[in-house]
Each structure stands twice: as C-alpha cells, then as structure tokens.
Colleague: 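Okay, here's the structure, questions in a sec.
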Amino acid sequence: MNKKKITLKAEGLVGGYGGMNILNSIDIEITQGEIVSIIGPNGAGKTTLLKSIFGLIELKKGNIFLGEVEVTNQSPQNMVMSGLSYVPQERNIFPTLTVKENLDMGAYLRENNLKESMESIFSLYPVLNEKRNQAAGELSGGQQQMLAISRGLMSDPQFLLLDEPTAGLSPKLFDETFDSILKIKELGIGILIVEQNAKKSLKISNRGYVLVAGENRLTGTGESLLINKEVANLFLGGQ
Amino acid sequence: MTELFTYYLFPGLILGSIYALGAIGVSLLFGILRFAHFAHGDLMTFGAYVAFSMVTLFNISPYMAIPASIVGGIGISILIDKVCYRPFRQSKTIVLVISSLGVSLMLRSIIQIFWGVDYEVYFSGIQPSIDVAEDFRIKIHHIWIMLGSFSLIFLTHLFLKNTKLGKAMRAMSDDSELALITGIHTERVITATWIIGGSLAAVAGIFLGIDTQLSPSMGWDQLLPLFAAAILGGIGRPYGAIAGAMIIGVAEELSSYPGFLGENAPLLSPAYKTGVAFFIMVVMLIFKPTGLFRGRQF
Amino acid sequence: MDILYGWMMYGLSLLTVGGIYGIIVLGLNLQWGITGLFNIGIAGFFAVGAYSTAILTSPATENHVGGFELPVAIGLLGSMFFSGIMAFIIGKICLRLRGDYLAIATIGLAEILRLILKNEVWLTSGPRGIPGIPRPFEELGQPWAEIAFLLIVLTILFIIYLALQRAIHSPWGRVMRAIRENEKAAASTGKDVDGLRLEAFVIGSIFMGLGGALLSHSMKFVGPSASDPLVTTFLAWVMLTIGGSGNNKGAVIGAFIIWTVWSASELLSGVLSFKWMNQLSYFRVFLIGFILQIILQKKPEGIIPEKVYQHK
C-alpha cells in the first residue's frame, strides 16, 4: 500500500466502429483506490469508451497512459498484463465452466498467489465458494454478476472497468453489488464504472463524468453532480 | 439376441467410437472458430494414408503407425489453418465454410496424387476374432479400436478438464470475445484445438481403415455422421459429441437390423446408413438446434 | 485443317458447357448472391434435372423406369418441374435453418440423393447410367448440330440472365437483398420473409436442374457422377466467388472462365506421359481449390463486384 498510486489517464479519445465515430473527444482519468462513474444517456458512448480503453476498439485519435507508460491501442491481453480488467455488461461468464474454472480463467496470465486472490474473493462473495464446483450457467443472475466481477479481479488488476454491473438485478441485489464495489475499492483498486443507475453510483463515487454524444459534458465530484440541476434533469429524472 | 449384439449393436459402438474421435474435433472447432469444418473427414483420410505408407514402407502394423500419423495429422492441420483459415478470422463464417470446402477437395486431390485412387487395406486375409460367449464373436481389431478410442477420449477429457490450456479451450468455445477480454491467448488456443482435432482425426482415419478399407473418399463419406454427432451433442460440447457419436453409430447399424419387422428384411438397406445420421441431424436442427447437451447456437 | 476443325469443335463444347454452368451459377447467384441462402447441395438439384430428362427422353429400355422417348422440350420442362418440386419440399423443411446449418442440411440431402442414384437401379439404372439421351438437331450432322445446341444453350442463358437482371432491379429484388442484409428488419416491414426465401430457393434450384438436364443432352449420357459434389457444387461456387457474388454478369463470366481453366487443364494431360495423366486430373482439382483460395484472400468481392444499389 505504500507504493505510489498510479493514475489511468485518457486524453482526446476519438473512435468507433467502421467509419462512424462514437467517441468524438473524451478525456477521463482515474487513480487507484478511486471509484469513478461514467453516466450519460443511451448512445452517449459509455460502453464504447470502456471498450476502447481496453483495446477492444481501435482508437483513431487520443492517448491512454497508465502512470507514465502509454498503452494506447494495446491488445486486450497486454491490457490485462498492464493491470486492467474489463467486465462487460452481458455474456461476462463462461457458462459451461465451473465457478472455480471461471476464476482460473480470470487468472490466465498470472503464475503465482492464485490461492490468495481466490480466498479474498471467496471472503468477498462467500456464496461463490459454496458453489465453486457448479457450472456458472446454473447460478442466479446476481451470483453470475458476482462471478463476473470476481473473474475480473483474479488477474490482480490495478483498475477494474465495470459495464453496468447492476443491470437486470433486483434493488436488494444492487445494493449488495455497490457494497462489494466499495470493498474492492478498499483493496486499492481503481474502479471505472458505467451505470444506468446514476444516482446510486454517483453516491459511492469520488468523481463522475457525464457524457453526451461522445463528448464530456460535465465533470465533478460525485456529490456535486448529484445536486447539479442539469444532471438531475437529464438523468436522475423522477428518481 | 446374440445376433443383434454381435452384428449390429457392437459394430455400432465401434463405429460410434470412431465417429467420436472425429466429432470431438468438429465440435471443438465449431465452438472455437465458429464454422463447420467441411475438411475434417479428409483429415481422417490423410491420417489413414500416412499410416498406410508406414505400414507398406516398414512392414509394421497400423497400430504402430499411429504416432507417425498423429504427427502428420497435426502438421497438416496447423498448415491448413495458417494458410487457409487464419486470413479469415474476422470474415463471415460463410467464407470459412467455402474455404474449408476447397481445402477438403485439395486434400483429397493430394491424396489421390500421392497414393492413387484404388481401395487399399492394411492387412489382407481373414481378421482374427475370439469367442466371448456362445455365438458371440468379437474381432480382435474391434477390441483394439475400442480400447484405443476410449483411451484417447479419456486423455482428451483429462486435458480439457485439468490443464490451463484445456480449460481455456472450453472457455473460448463458450464465449470467444470474453476469452479475449480475459487475456486468454486465443491464437494459442486455436493452435491447440487443431493439434487435438488433427490428431484425433488421424487416429479415427486409421481405425476406420482397419475396420473397413482405405479410399480417398473414406473421410468425406463420414462427414454427415460427424456433423450429426456434433450437432446432436451440442456444438462446442466435446462430451456431447462423444454421446452423439455413439448414438449415431448404433442407430446407423441398427437401421439395417432385420429383427424389427419380423420378416428378416432390414428396416433400411445398408446402403442408406448415412441417411440415418442425416435424418437425426435434420430433426435435431429443426426441433432442438442446441443439441441434447445445450450447445451453442449460431 | 483437321487440327483447326478439332479446335473449333473443342471451342464449341467449351462454350456449350460454359453456358450450361452459367445457367447453374445464375441460379446460385439468385440463392446466395441475392438472397443469402447458403446452398451447397447444388449437385443434388443438378442430378435430379439430369436424370429427369434422361428418363423422359431416352429410348425405351428394360433396364430402368422410363425411356419414354418424349421430345427434348418436354424433358427440359420435366427437369425443371422435378427439381422445383424437390426444392420446394427441401426448402419447406430446411430453409428455417441459417448459415452453416443450411449448408450442412443441403449437402446432406445431396449426398443422400447420390446414394439413391447409385442404389436404386430400377429408377436410374445404377452405376451403369442412362445412355442414348437425344440431342436436338442431331440430324444436322457435325458441326452444325453442335452449333445449334450451343445456340439453344446461349439463348436460354440469355433469357434467364435478362429475367434475373429485371428481377434484381425490381421491388422484388430490393426485398430479396433486404432479406439478405437484415432478415429481421425485412420481416418487421411486413414482408413474408419465409415465402420469399422459398421462392428464391425454388427458382434457383430450377435453374440448377435445367443446367443438369442440358448437360445430359449435351453428353447424351448421364451416370452417378452427375451427383459428384466436386464437378457441380464446388465448381459452381468457385465460379460465383470469382465472378463476383451478387452480380449476374459476374456469375456468367465466372462460369466461362473457370470452365475454361478446368477444361484446359484436361487438355494438358494430352502432352504428358500416361503415368502422369491420371495424376494430372487430380491436380486440376487442387488447382481450382488454389485459385479459390487466392480469390477469397486477395479479391473476395470477385472480378465484377456487386453494385451497391440505393435503397429507396
């Protein structure tokens, strides 16, 4: 913990699919031990942003730095090696593999201390320990989400990119999910989170970014955005 | 009853275990590379002929030729993947299917050029058999084929279950994009899949050659049962493929069993055995495309 | 002079068979190029057409059903009818399958048909095949009979080409392409997607059957090799891929080019010693496979790519 905290910094990101740009110009940054929320209307480019940071979509312009090291347009594998982990919104577990095997896959690029990581995950989500030998596809929706996050943690990342971790979960379950995200933060991991549930996620965030049409619209601390009128009108609506 | 067992059920299981060796590869490749590999039967043929060369050159039994044939099978599989499939990793699956259809014919023509078009056998003469019970004889070769297939299937099982690469293979078959995100070396997994698929196919070819005879189209003619087994078992489910292969093998042999109609006439002329596999496959595709073991649907 | 005459006869046969393949590839282009149906059971429809006309028009015989000695025109119509009926039944069952699965189903049916042709001797005369299939205008004698037959083939090819060109540019063609690009979207606009796919499948298969029938008349013989997936299914796919999938002109040009390559490589065998002649006939299969690889990798859109039509 006495190591210097690293910052993940993205500047002027431009990219998308084929000829069409979805990200027009985006800057964000996050330091280890922080929770940063990205909110915005559908089609604002939130998921695309996570994917392009992680190297799944090629960036046409812009740079990504991890500390001093540039990691723009690296392969997903290299991103995992550099300490990033990405948990997509859907299809984020291997359904025919057992829970334990899913976690093994999360640690595919690691050689040592697997046991330790696995134990800390089982203490975070005890239910996964109980079901360690069950096929992941047989877990409930909430348990699958826990497994997906755990799989992301198994590579021992410095930063975790979460795409809508509470999508489709019951209110009780997303409270639990946010609780566990706070615990992960305590491990010194920076968590970049895309959420529909803007209010809840801003509450636990150090900072938030509001994206509209592939550009930064607003930036601020979680609390300041929560009380911002424009944000309230745009996304928090009736909540 | 013994007739049913000696001449239909048992040969069906033999055929099924040969199909299983091929179908595991078809299923894994379908799951991981997302296309129906139409040249898989011809990989079997290739393996059978490599062994045939060893048999004629060194005058050894075809069982002794298995290692050489596996090496050949792996080599040709990796070469084909590199030259004919790898350029299309990002293309539509249809392109891969057309390419594999081309590969199938190229492979067959290579076999025809080097080994000729005549039927060949590994051994001539009557194949020895032993009496297991009264009226129940088993060919010694059938015992070897069954033992060989089951040990290879078991080895494959151990690999898929216990090694990192094996688990990664199943993971990629579940979801290749997630595998990439997880940091799995997808190209390495693909190579490993060809190694397994290629070696199992080579051995399947040898066993088929021992059980029947060698001809340049021997593998192509097994393509329907192989696909049927893979689809029946669920695409991307190697264990399902084994079960599917056994079902197809037994169903094919039983289809010509005369006992069902009571008039000593076979249910179906043996010439149409392949039709049984096809029938099961189409029914499965239409009514339960995910197979018996909940495979992927594309 | 003799040599020149020989070359001319060779050229006539080259154009005739090339034209017949043109008809088949136009059928495939309608199915795959325009509508996106992945049919690799071409040999099946081809063989049904080839055998239908053989049974309808060949002289009476004890060897198998038929030998009805009907006029060639009836034979051709019969071929189209039977291959169309078969396509309708198969399409009804299999067209709900997509992509690879449709491919597996169609090639499976073609393989089973191959077994039937080989084994049902009462119907097809089995491995011996059916000889004596008449060729129209044979009484004109060489080379006029060949020229007349070539003209028939080219006329049919031209009519089908024109009809398909019109169809493609009609609202019908637009809907077909819409189905290929995005089936769901097409269905959501109220189009009867299943019905239209079946239509394309049946019409395309009728052309394949017609091609088979014309080849029967051209060769005056049909045997089980008519259902060989290599010389029909595979060649037709290579022709369409090279010509440019989705483009009728490309389909026809691809057919002539590949048939010329295929047939010219056979000529080469005349120059080689007997020992290598056999090998060469297999080598040309390899050659075609190799050409396919090069096209797929270097020019996947073919020689004449599909024009991008503006959707209204």
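Proteins come first, then strands; the chains are lettered A, B, ... in the order of their sequence lines, and each starts at number 1. Just so it is clear, the structure is predicted and the values come from calculations on it, not from any experiment.
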Colleague: Checking side chain to side chain contact (heavy atoms under 4.5 Å, CB included) for the pair B/Ile181/A/Leu56: CA distance, chi angles, key distance, verdict?
Modeller: CA-CA 8 Å; B/Ile181 290 169; A/Leu56 288 165; 3.8 Å; yes
Colleague: Flag yes if more than 12 heavy atoms outside A/Phe122 fall under 6.0 Å of its CZ atom; otherwise flag no.
Modeller: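 Correct, the count exceeds 12.
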Colleague: Please say whether more than 12 non-hydrogen atoms of neighbouring residues, nucleotides or ligands are located less than 6.0 Å from CZ in B/Arg89.
Modeller: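 Yes, the 6.0 Å shell around CZ holds more than 12 heavy atoms from other groups.
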Colleague: Is it the side chain or the backbone of A/Phe54 that comes within 4.5 Å of chain B heavy atoms, both, or neither?
Modeller: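 Contact with chain B involves the side chain of A/Phe54 alone.
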Colleague: Counting only heavy atoms closer than 4.5 Å, note whether A/Ile93 contacts chain B via side chain, backbone, both or neither.
Modeller: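 Just its backbone gets close to chain B.
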Colleague: Examine whether an atom of A/Pro95 lies under 4.5 Å from a heavy atom of chain B, and if so say whether it belongs to the side chain, the backbone or both; otherwise answer neither.
Modeller: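 For A/Pro95, the contact with chain B is made by backbone and side chain together.
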Colleague: So with a 6.0 Å cut-off around NZ of B/Lys82, is the heavy-atom count from everything else above 12?
Modeller: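 Counting other residues, nucleotides and ligands, NZ of B/Lys82 stays at 12 neighbours or fewer.
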Colleague: How far apart are the C-alpha atoms of B/Arg170 and A/Leu97, what are their side-chain angles, what is the distance that settles it, and do they pass the side chain to side chain contact (heavy atoms under 4.5 Å, CB included) test?
Modeller: CA-CA 7 Å; B/Arg170 283 159 52 222; A/Leu97 270 58; 3.7 Å; yes
Colleague: Mind checking the CG-CD spacing from B/Asn162 to A/Glu101? Nearest 0.5 Å is all I need.
Modeller: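 Atom-to-atom, B/Asn162:CG and A/Glu101:CD are 8.5 Å apart.
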Colleague: Take B/Tyr239 and A/Thr96 through the side chain to side chain contact (heavy atoms under 4.5 Å, CB included) test and state the conclusion after the steps.
Modeller: CA-CA 12 Å; B/Tyr239 304 125; A/Thr96 70; over 6 Å; no
Colleague: Spell out, as yes or no, whether a donor-acceptor pair under 3.5 Å connects the side chain of B/Asp175 to the backbone of A/Phe94.
Modeller: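 No: the side chain of B/Asp175 does not pair with the backbone of A/Phe94.
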Colleague: Do the side chain of B/Lys167 and the main chain of A/Asp104 share a donor and acceptor less than 3.5 angstrom apart?
Modeller: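 Between the backbone of A/Asp104 and the side chain of B/Lys167 there is no qualifying donor-acceptor contact (under 3.5 Å).
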Colleague: Counting C-beta onward and ignoring hydrogens, is there a side-chain heavy-atom pair between B/Leu165 and A/Tyr108 closer than 4.5 Å?
Modeller: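 SC-SC contact between B/Leu165 and A/Tyr108 confirmed.
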Colleague: Under a 3.5 Å distance rule, please check whether A/Gln77 uses its side chain to pair with a backbone N or O of B/Leu180 as donor and acceptor.
Modeller: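 Here the side-chain-to-backbone pair does not exist.
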Colleague: About how many Å separate CG of B/Leu178 and CZ of A/Arg91, when rounded to the nearest 0.5 Å?
Modeller: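 With rounding to 0.5 Å, CZ (A/Arg91) is 8.5 Å from CG (B/Leu178).
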Colleague: Does B/Lys92 NZ have over 12 foreign heavy atoms under 6.0 Å away?
Modeller: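 No, not enclosed.
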Colleague: Is the number of heavy atoms from other residues, nucleotides or ligands under 6.0 Å of A/Glu58 CD greater than 12?
Modeller: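 Incorrect, the count does not exceed 12.
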Colleague: Is B/Leu160 in contact with chain A via its backbone, its side chain, both, or neither, using a 4.5 Å heavy-atom distance?
Modeller: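 Interface part for B/Leu160: neither.
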Colleague: CE of A/Met81: more than 12 outside heavy atoms within 6.0 angstrom?
Modeller: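 Open: at most 12 neighbouring heavy atoms sit under 6.0 Å from CE of A/Met81.
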